[in-house]
Trainee: 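Take this structure, written in structure tokens, and hold onto it; I'll ask about it next.
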Amino acid sequence: MTITTFKDYLRNQILTTLEELSMPTRDVHLEKSKIPEYGDLSSNIALTLAKEVKGSPLDLAERIKENLHLSPDYCSAVTISPPGFLNFIYSPKYIRKQLITLLKTGDSYGKTDVGKGKCALVEFVSANPTGPLTVGHGRQAVLGDTVSNILEWHDYDVAREYYFNDAGRQMRLLGESVYVRYMESLGEKMTLPEGGYQGNYIRDIANHIYKIHHDTLKEQPDSPVFKETAEKIIFEDIKSTLEKLGIYFDGFVNEKTFYENQAIDQVISRLRRKNLAYNLDGAVWLKTTDFGKSQDTVLIKRTGEPTYRLPDIAYHEDKIKRGFDLIVDIFGSDHKDTYPDVISALQCLNYRTDHIQVLIHQFVTLKQKGVKVSMSTRKATFVTLDDLIEIVGADVVRYFFLMRNMKSHLNFDMDLAMKESEENPVYYLQYAHARICNILKYGKEVGIPSDVTADFTLLKEPSELNLIKELIYFPEITKQILDSLEPQIISNYLQDLATLFHKFYTECRVVTEDISLSVARIGLVSGVKTVLASSLEILGISRPERM
RNA sequence: GCCCCGGUAGCUCAGCAGGAUAGAGCAACUGCCUCCUAAGCAGUAGGUCACCCGUUCGAAUCGGGUCCGGGGUACCA
């Protein structure tokens with residue numbers, strides 16, 4: 001019985017008791033008790049019922065307790081604490097059984113088969129190839145990859161997808177900027193176009209082109225070579241950066257596809273038939289006012305060029321048609337206002353959209369020397385993700401982004417990041433893992449067997465029991481991250497688990513003269529290692545055996 | 001103007017399906033390595049949980065308002 005089913009069991013028992021007492025029933029809320037005096041799990045049910053039943057919460061709690069029949073195999077005691085909480089204490093037998101389950105299940109502990117036979121698509125990063133990835137993109141990259149990991153953990157077949165557009169104004173500007181730098185390397189003085197790309201990488205690309213074509217493109221500012229070479233080089237650069245973070249995509253989808261296969265035209269004509277698209281002032285509009293917006297939005301500009309919204313609809317239609325059971329989109333907060341239009345449009349085209357989940361994350365604001373810098377790829381006022389990885393390492397980058405709630409703004413202070421790389425919270429977690437590896441190695445050397453049938457009743461110290469209780473909670477955590485797709489839940493859990501381990505380590509020596517105790521503790525410690533490793537794996541952080 | 005996020009220790013942030021003494025890391029200070037790794041542990045100090053009002057037995061958490069920061073509201077993505 002995992003912790004989750006244990007809670008369900010408690011809930012049901014309480015509900016049954018309430019019925020027996022002819023009391024009103026309601027959702028029973030159970031939470032991990034904050035301090036040991038309050039047991040292991042607590043419920044406020046008596047407090048919430050007090051008003052309706054018109055009794056004192058303490059009396060109510062007492063009555064519930066008296067009539068509650070819990071199996072001593074699971075729950076050894078129920079206590080009441082003011083102002084009326086019911087506290088439940090795990091039976092030692094239950095705790096031991098869970099530890100044994102963990103040791104027997106190993107790497108699969110905390111996994112479910114919720115996603116068995118189902119496939120999911122996760123779209124993220126999706127930056128156009130106009131420049132290197134910035135620290136800002138890093139947040140989304142790490143988030144998307146970790147969300148994918150979470151789904152995979154629960155047995156989903158996950159496809160990571162990157163959507164991009166190599167047509168359009170920005171890419172045209174990119175090509176023009178490269179041409180200017182190319183001419184400069186030929187000794188010609190030129191100025192960048194309005195809003196052109198100022199980064200040094202443009203010069204590198206220009207030099208690269210020069211090495212191949214020399215001055216033969218001098219008179220050909222419109223040559224596709226500039227844009228195409230830039231795109232190719234930049235994409236390679238982006239991929240290599242992502243690779244450093246352990247992120248690999250299963251597919252890259254080009255927006256162009258939906259122009260070429262006429263998906264866009266079909267979307268337009270179908271929207272027209274539904275009276276949701278119309279012509280005005282030479283543009284084609286989407287009737288977003290029908291979806292509750294204060295004004296309609298343009299789908300095709302007067303120039304004949306679609307806005308990004310139209311191919312977005314076609315792209316999502318394509319995603320749906322590919323038959324995924326779950327579609328996750330990860331967007332920055334700048335998309336907050338646009339994706340509902342896409343969803344609404346799809347619904348109007350008679351698609352089911354309840355399997356589309358959109359995760360919006362807030363931006364990273366960058367601080368350098370205490371001053372806020374607005375990040376712009378065009379103006380080259382950004383710190384590249386690559387530089388950041390170089391400075392602090394991939395593990396730190398990943399953890400830095402994952403320990404925060406995606407809804408929170410993130411103030412990224414470069415100076416602090418560098419300083420913290422010396423003494424970083426991520427090492428705290430990894431160190432716990434490395435310490436255990438070393439203990440297990442040592443235990444093996446002195447001949448302590450690793451045995452699931454060890455006598456775990458010997459584990460009685462508070463630091464031991466607290467550690468096991470935290471391990472018991474792991475399946476609940478993996479359930480929570482699946483429901484919420486919020487990686488920081490697991491970061492917080494890891495932090496707590498590592499703390500309890502380090503405490504245990506200082507208080508209890510694992511390998512001693514006492515063989516039986518040593519075997520039991522080796523078991524405990526390897527259970528901790530399994531859960532640490534699983535958690536780190538989900539976060540995509542390495543699990544060093546030595547540090 | 002309107003919409004969406006956020007405002008918690010000096011700094012970066014957890015906690016927020018209402019709960020019992022508000023946490024961590026960094027920074028500061030004090031202890032602890034003849035013993036499986038001190039990237040650790042124990043402790044001190046640091047808070048009107050932006051502000052006001054409300055709901056409640058109980059509010060950092062829920063509702064309303066104010067202020068500050070970010071994003072959106074574009075025929076930019």
Side-chain angles (χ1 to χ4, degrees), chain A residues 27 29 31 33-35 37-38 42-44 47-48 50-51 56-57 81-85 87 126-128 130 165 168-170 195 255 280-285 293-295 297-309 312 332-338 360-365 367 370 372 374 400 403-413 416-417 419-420 422-432 434-443 445-446 448 488-489 491-492 495-496 498-499 501-512 518 521-522 525 544 546-547:
Chain A
D27 278 351
H29 182 57
E31 63 179 21
S33 307
K34 290 217 172 77
I35 55 173
E37 284 72 35
Y38 300 146
S42 302
S43 175
N44 61 355
L47 288 157
T48 60
K51 192 160 71 172
S56 103
S81 57
F85 288 98
N87 308 311
S126 295
N128 287 340
T130 58
N165 178 16
R169 201 173 83 89
Q170 292 307 316
E255 189 179 310
L280 183 74
D281 296 337
V284 180
W285 295 73
K293 283 285 172 74
S294 58
Q295 64 195 65
T297 40
V298 170
L299 283 178
I300 301 177
K301 306 178 209 170
R302 216 175 323 183
T303 59
E305 250 179 323
T307 63
Y308 64 96
R309 225 171 284 242
D312 244 26
S333 59
D334 52 345
H335 277 69
K336 182 104 197 171
D337 209 43
T338 82
I360 299 284
H361 67 89
Q362 293 298 315
F363 281 160
V364 178
T365 48
K367 256 163 83 181
K372 260 186 195 163
S374 64
F400 203 95
M403 61 193 293
R404 268 88 177 175
N405 187 320
M406 68 178 95
K407 280 188 303 190
S408 288
H409 299 279
L410 201 127
N411 288 310
F412 203 102
D413 189 326
L416 192 75
K419 214 162 75 184
E420 279 193 358
E422 294 299 316
E423 215 148 314
N424 203 282
V426 72
Y427 298 137
Y428 184 78
L429 315 175
Q430 293 177 316
Y431 186 52
R435 265 185 158 172
I436 293 174
C437 290
N438 199 57
I439 294 170
L440 294 178
K441 199 173 129 231
Y442 181 77
E445 277 166 19
V446 297
I448 304 293
Q488 97 279 358
I489 290 174
S491 306
N492 294 338
Q495 191 64 239
D496 291 345
T499 299
F501 168 73
H502 286 306
K503 207 184 183 84
F504 158 80
Y505 179 89
T506 5
E507 288 176 15
C508 305
R509 205 186 145 80
V510 176
V511 180
T512 60
S518 298
R521 284 184 173 164
I522 286 282
V525 145
R546 227 175 310 152
M547 283 175 78

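Reminder, nothing fancy here: chain letters follow the sequence lines and each chain counts from 1.
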Trainee: Scan A:T512 against the nucleic acid and name what it touches under 4.0 Å (heavy atoms): base, sugar-phosphate only, or nothing.
Mentor: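 No contact.
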Trainee: Hey, is the side chain of A:Y428 poking within less than 4.0 Å of OP1 or OP2 on B:C41, counting only N and O atoms?
Mentor: yes
Trainee: Give a yes or no on whether the backbone of A:Y38 and the side-chain of A:S81 come within a donor-acceptor separation of less than 3.5 Å.
Mentor: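 A pair under 3.5 Å: no.
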Trainee: Rounding to an integer number of angstrom, what distance separates B:G25 and B:U8 when you compare their C1' atoms?
Mentor: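 So the two C1' atoms sit 15 Å from each other.
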Trainee: So if I define the base as every atom that isn't primed, P, OP1 or OP2, how would nucleotides 14-19 of chain B read as a B/S/- string at a heavy-atom cutoff under 4.0 Å?
Mentor: SS-B-B
Trainee: Using a 4.0 Å heavy-atom cut-off across all strands, classify A:C437 as base, sugar-phosphate, or nothing.
Mentor: nothing
Trainee: Using the test side-chain hydrogen bond (donor to acceptor under 3.5 Å, both in side chains), find all partners of A:T297 that sit at least two apart in sequence or belong to another chain.
Mentor: A:T288
Trainee: Please give the distance between the P atoms of B:C29 and B:A45 as a whole number of Å.
Mentor: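 My reading of the P atoms in B:C29 and B:A45 gives 16 Å.
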Trainee: Below 4.5 Å, heavy atoms only, C-beta onward: do A:Q362 and A:H409 meet side chain to side chain?
Mentor: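 Result yes, sub-4.5 Å side-chain heavy-atom pair found.
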Trainee: Taking the nucleotide of RNA chain B with the nearest heavy atom to each, does A:K407 or A:D337 sit closer to the 5' end?
Mentor: A:K407
Trainee: Where is the tightest heavy-atom contact between A:R309 and A:L299, given as atom of each residue plus distance?
Mentor: CB-CD2, 4.3 Å
Trainee: Does B:C52 sit syn or anti, given that only angles within 90° of 0 count as syn?
Mentor: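 What B:C52 shows is an anti base, its glycosidic angle lying more than 90° from 0.
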Trainee: Using atom P in both nucleotides, what's the gap between B:C68 and B:C57 to the nearest angstrom?
Mentor: 35 Å
Trainee: Hey, could you give me the OG1/OH distance between A:T338 and A:Y308, rounded to the nearest 0.5 Å?
Mentor: 4.5 Å
Trainee: In whole Å, what is the span from the OH atom of A:Y431 to the P atom of B:A39?
Mentor: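 It is 5 Å, rounded to the nearest whole Å.
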Trainee: Starting at CG of A:N411 and ending at P of B:G71, how long is that distance when rounded to a whole Å?
Mentor: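 Atom-to-atom, A:N411 to B:G71, this comes out as 12 Å.
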Trainee: Mind checking A:I35 for me? I need base, sugar-phosphate or nothing, with any heavy atom below 4.0 Å counting as a touch.
Mentor: base
Trainee: Using atom C1' in both nucleotides, what's the gap between B:C36 and B:C41 to the nearest angstrom?
Mentor: 16 Å
Trainee: Does A:N87 reach a base, just sugar-phosphate, or nothing at all? Heavy atoms under 4.0 Å.
Mentor: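 Here A:N87 touches the bases of the nucleic acid.
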Trainee: Holding to side-chain hydrogen bond (donor to acceptor under 3.5 Å, both in side chains), I want the full list of residues that pass it with A:S33, two or more places apart in sequence or in another chain.
Mentor: A:S42
Trainee: A:P425 side chain: which of B:G25, B:G70, B:A38 is closest?
Mentor: B:G25
Trainee: What distance, rounded to whole Å, do you find between the two C1' atoms, one in B:U34 and one in B:A24?
Mentor: 34 Å
Trainee: If we take the C1' atom in both B:U21 and B:A27, what is their distance in whole Å?
Mentor: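 25 Å, rounded to whole Å.
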Trainee: Return the value, rounded to whole Å, for the distance between atom CD of A:E507 and atom C1' of B:C35.
Mentor: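 Going from A:E507 (CD) to B:C35 (C1'), I get 16 Å.
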Trainee: Checking the side chain of A:N405 only, and the main-chain atoms of A:K407 only, is there a donor and an acceptor separated by less than 3.5 Å?
Mentor: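 Yes, because the side chain of A:N405 sits within donor-acceptor range (under 3.5 Å) of the backbone of A:K407.
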Trainee: Pick base, sugar-phosphate or nothing for A:A434, based on heavy-atom distances below 4.0 Å to the nucleic acid.
Mentor: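 If one applies the 4.0 Å heavy-atom cut-off, A:A434 turns out to touch a base.
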Trainee: Looking at A:R435, I'd like to know whether one of its side-chain N or O atoms comes within less than 4.0 Å of OP1 or OP2 on B:A39.
Mentor: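 No.
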Trainee: Does the A:N424 side chain pair with the main chain of A:V426, one donor and one acceptor, at a distance under 3.5 Å?
Mentor: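 Yes; judged by distance alone, with no hydrogens or angles, the pair exists.
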Trainee: Between C1' on B:C36 and CE on A:M547, what's the gap in Å once rounded to a whole number?
Mentor: 17 Å
Trainee: Using atom NZ of A:K336 as one end and atom P of B:G70 as the other, report the distance to the nearest whole Å.
Mentor: 18 Å
Trainee: Of the candidate nucleotides B:A38, B:C35, B:A39, which contains the atom at the shortest distance from the side chain of A:Y505?
Mentor: B:A38
Trainee: Using modelled atom types only, decide if a donor and an acceptor are shared between the side chain of A:R521 and the backbone of A:V511 within a distance under 3.5 Å.
Mentor: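 Answer holds: no.
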Trainee: Rounded to the nearest angstrom, tell me the gap between atom CD1 in A:I439 and atom C1' in B:G40.
Mentor: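 So the two atoms are 12 Å apart, to the nearest Å.
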Trainee: Can you tell me the distance, in whole Å, between the CZ atom of A:R509 and the P atom of B:U34?
Mentor: 14 Å
Trainee: Just verifying a value: how many Å separate A:Q488 CD and A:S408 OG, rounded to the nearest 0.5 Å?
Mentor: 8.0 Å
Trainee: With a non-hydrogen cut-off below 4.0 angstrom, is A:P82 in contact with a base, only sugar-phosphate, or nothing?
Mentor: base
Trainee: Given the rule that a pair is Watson-Crick or G-U wobble with both distances under 3.5 Å, how would you write RNA chain B in dot-bracket, using | for pairs to a different strand?
Mentor: (((((((..((((.....[...)))).(((((.......))))).....(((((..]....))))))))))))....
Trainee: Would you call A:F363 stacked on B:G71, i.e. ring centres under 5.5 Å apart with the planes less than 30° off parallel?
Mentor: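 Stack criterion not met.
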Trainee: Just how far is it from atom CZ of A:F363 to atom CG of A:N411, taken to the nearest 0.5 Å?
Mentor: 14.0 Å
Trainee: For A:F400 and B:C26, give me the distance from atom CZ to atom C1', rounded to whole Å.
Mentor: 11 Å
Trainee: Using atom C1' of each nucleotide, how far apart are B:G69 and B:G63 to the nearest Å?
Mentor: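 Taking atom C1' in both B:G69 and B:G63, they lie 23 Å apart.
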Trainee: Taking side-chain hydrogen bond (donor to acceptor under 3.5 Å, both in side chains) as the test, write out the residues that go with A:E255, two or more places apart.
Mentor: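 By the side-chain hydrogen bond (donor to acceptor under 3.5 Å, both in side chains) rule, A:E255 matches A:N165, A:Y259.
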Trainee: Strictly below 4.0 Å: does A:K293 bring a side-chain N or O up to OP1 or OP2 of B:U73?
Mentor: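 It does not, given that no N or O in the side chain of A:K293 lies less than 4.0 Å from OP1 or OP2 of B:U73.
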Trainee: What distance, rounded to whole Å, do you find between the two P atoms, one in B:G40 and one in B:G1?
Mentor: 48 Å
Trainee: Under 3.5 Å, side chain of A:H502 to main-chain N/O of A:Y431, donor-acceptor pair present?
Mentor: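 Here the side-chain-to-backbone pair does not exist.
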Trainee: Output one line per pair: protein atom, nucleotide atom from nucleotides 75-77 of chain B, and distance, for all N/O pairs under 3.5 Å.
Mentor:
from, atom 1, to, atom 2, distance (Å)
B:C75, O2, A:R302, N, 2.6
B:C75, N3, A:R302, NE, 3.4
B:C76, OP2, A:K301, NZ, 2.8
B:A77, N6, A:Y308, OH, 3.2

Trainee: Write down the atom of A:D337, the atom of A:K293, and the distance for their closest heavy-atom approach.
Mentor: O-NZ, 2.9 Å
